[in-house]
Amino acid sequence: MAVVLVLAACARQSPDGVANATPSDSTLRAPNGDLVPGGDLGRSILRGHAILAATRDSLPDHVGSSLRCTSCHLADGRGENALPLTGVYARFPQYRSRAATVQRLEDRINDCFLRSLNGTALAFDDPAMRDIVAYLAFISRGVPIADQPPQVAAGATTGDTVAGLRVFVAQCARCHGADGGGSVAPVYPPLWGAKSFNIGAGMARVRTASAFVKHNMPFDMPGTLTDVDALNVAAYVMSRPRPDFIGKEKDWPNGDAPPDTPYKTGPKKP
Ligand code: HEC
Ligand code: HEC
């Protein structure tokens, strides 16, 4: 147990959201037989881990895209600057302004099924949902209860899509394809088109995408893009077509949508 606590502590982020762990730490913290408990709980945790990595194969009826959870939540959900899910179990229930209601962790997971995977929701009592929650609870052990670490720096909400296209061709197309459609073997997920995340996904917002790209892409040379190149390429990628999200205009009904929301939402408060 002490081992789990020490390792989980490494997953914490400094207050400004900058990682204080090295990449080798993520490898160290990846679930392995020594840390996962035995018995039914351990099997549930390992199944949840497998679902995050092979979402479509595990749940074909619930995934409409070619993405898997770990396409974005890199390193098994433990990547320090890749939308980390460490500690997430303790951050819910939580008020979320996009839905203007208090949501459970299961609601938040279903948001990613509906939007990020362009799929359909799981029933709360579906064994797959239970296993995903078991895995997220496992990688939350020892992480103090705290608000979501800031994932997106305040800053520009639009970029230069023409300059972004140049960055895309030079830095992204070799893996994600000239048409942004990705590839099956090796697995490079699509960035736009029918098999990508839909317009209602968090990744469809330029600030979210540029922060993700800045820290994690190109996958084999993370951190090499300038802030401006990351912003511009994110703006270019987000200007490309992708699936719609039915009901998106009902998001942020109190008028507090983030400035980079790419569609019209609820009224502004007076
Ligand atoms: C296209 C990228 C993408 C994919 C694929 C994806 N997510 Fe997410 N997820 C995000 C983004 C972006 C956020 C944060 C959104 C925001 O800024 O609020 C997020 C947030 C979350 C959160 C809340 C995190 C927190 O700290 O509050 C959970 C839990 C989560 N995702 C689980 C999943 C699961 C489980 C899957 C697979 C079924 C999945 N996600 C697939 C992009 C993705
Ligand atoms: C060396 C290959 C490679 C290069 C080059 C690369 N990526 Fe990726 N990208 C990946 C891999 C691998 C993943 C995660 C796949 C996984 O683990 O399932 C990913 C995931 C992503 C995601 C989240 C998932 C999705 O499909 O939306 C985005 C956004 C992204 N890359 C954008 C970019 C951008 C923009 C560039 C250029 C600046 C780029 N990538 C360059 C390999 C690459």
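Counting starts at 1 for both ligands and their atoms, in listed order. All residue numbers in this chain count up from 1 along the given sequence. Keep in mind that this is a model prediction, so the values were computed, not measured.
Of the protein's heavy atoms, Phe212 CE2, 3.4 Å lies nearest to atom 22 (C) of ligand 2. Summary of contacts: the protein heavy atom closest to atom 26 (O) of ligand 2 is Pro190 O, 2.7 Å. Regarding atom 5 (C) of ligand 2, its nearest protein heavy-atom neighbour is Gln171 O, 3.2 Å. Closest to atom 27 (O) of ligand 2 among all protein heavy atoms lies Phe197 CE2, 3.2 Å. Regarding atom 14 (C) of ligand 2, its nearest protein heavy-atom neighbour is Ser71 O, 3.6 Å.
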TODO: Go through the steps for Asp126 and Arg130 under the test salt bridge (Lys or Arg N to Asp or Glu O under 4.0 Å), then give the verdict.
DONE: CA-CA 7 Å; Asp126 190 306; Arg130 179 202 58 205; over 6 Å; no

TODO: Quick one: do Arg98 and Asp111 satisfy salt bridge (Lys or Arg N to Asp or Glu O under 4.0 Å)? Show the steps, please.
DONE: CA-CA 10 Å; Arg98 185 166 71 184; Asp111 268 354; 3.3 Å; yes

TODO: Go through Arg242 and Ser196 one step at a time and tell me if the side-chain hydrogen bond (donor to acceptor under 3.5 Å, both in side chains) criterion holds.
DONE: CA-CA 6 Å; Arg242 63 182 60 260; Ser196 189; 3.1 Å; yes

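For the pair Glu249/Lys264, no side-chain contact is recorded, criterion being any heavy-atom separation below 4.5 Å from C-beta on. When side chains are defined from C-beta on, Arg205 counts as touching Pro258, because their heavy atoms get closer than 4.5 Å. A 4.5 Å side-chain heavy-atom check between Leu46 and Val36 finds at least one atom pair inside the cut-off.
Counting only non-hydrogen atoms, the option in Cys72, Ala53, Ser58, Cys69 that gets closest to atom 3 (C) of ligand 1 is Cys72. Nearest to atom 6 (C) of ligand 1 by heavy atom, out of Ser66, Ser116, Gly48, is Ser116. The heavy atom nearest to atom 13 (C) of ligand 1, out of those in Arg108, Met203, His62, is found in Arg108.
The Leu117 neighbourhood of ligand 1 comprises atoms 5 (C), 37 (C), 38 (C), with distances under 4.0 Å to a heavy atom of that residue. For ligand 1, the atoms closer than 4.0 angstrom to any heavy atom of Thr208 are 12 (C). Near Arg91, with a cut-off below 4.0 Å to any heavy atom, the atoms of ligand 1 are 25 (C), 26 (O). The Arg174 neighbourhood of ligand 2 comprises atoms 1 (C), 5 (C), with distances under 4.0 Å to a heavy atom of that residue. In the vicinity of Phe113, heavy-atom distances shorter than 4.0 Å reach the ligand 1 atoms 38 (C). Below 4.0 Å from some heavy atom of Phe92 lie the following atoms of ligand 1, by number and element: 27 (O). Taking a cut-off of under 4.0 Å to the non-hydrogen atoms of Leu67, the atoms of ligand 1 that pass are 1 (C). Listed by number with element, the atoms of ligand 2 under 4.0 Å from a non-hydrogen atom of Thr70 are 16 (C), 17 (O), 18 (O). Proximity to Arg68 (heavy-atom distance under 4.0 Å) selects the following atoms of ligand 1: 5 (C). Applying the 4.0 Å criterion to heavy atoms of Asp220 picks out, from ligand 2, the atoms 1 (C). Listed by number with element, the atoms of ligand 1 under 4.0 Å from a non-hydrogen atom of Leu85 are 22 (C), 24 (C), 28 (C), 29 (C), 30 (C). Of all the atoms in ligand 2, the ones that sit under 4.0 Å from a non-hydrogen atom of Leu225 are 38 (C).
Considering backbone and side-chain atoms alike, His73 places an N or O below 3.5 Å from some N or O of ligand 1.
By the side chain to side chain contact (heavy atoms under 4.5 Å, CB included) test, His73 is found to be paired with Leu83, Leu85, Cys112, residues two or more places apart in sequence or in another chain being considered.
A side-chain hydrogen bond (donor to acceptor under 3.5 Å, both in side chains) check over residues 167-186, counting only residues at least two apart or in different chains, returns the pairs Arg174-Asp220.
Inspection of the environment of atom 8 (Fe) of ligand 2 yields the following protein N, O or S atoms under 2.8 Å: His176 NE2, Met217 SD.
Heavy atoms of Val167 stay at 4.0 angstrom or farther from ligand 2. Using a 4.0 angstrom heavy-atom cutoff, Ala209 does not count as in contact with ligand 2.
Nearest approach of Cys69 to Leu117, heavy atoms of both residues: N-CD2, 4.4 Å.
With respect to the salt-bridge test (charged N to carboxylate O, under 4.0 angstrom), the residues Asp40 and Arg43 qualify.
Linking ILVMFWY residues whenever their side-chain heavy atoms come closer than 4.5 Å, directly or via other members, leaves Leu191 and Val187 in distinct clusters.
Listed by chain and number, the hydrophobic cluster partners of Trp252 are Leu114, Ile199, Phe245, Tyr263, where partners are ILVMFWY side chains within reach of under 4.5 Å, directly or through others.
Side chains of Thr265 and Asp251: no donor on one and acceptor on the other come within 3.5 Å.
Under a cutoff of 6.0 Å and an axis angle of 45°, Arg108 and Phe92 do not form a cation-pi pair.
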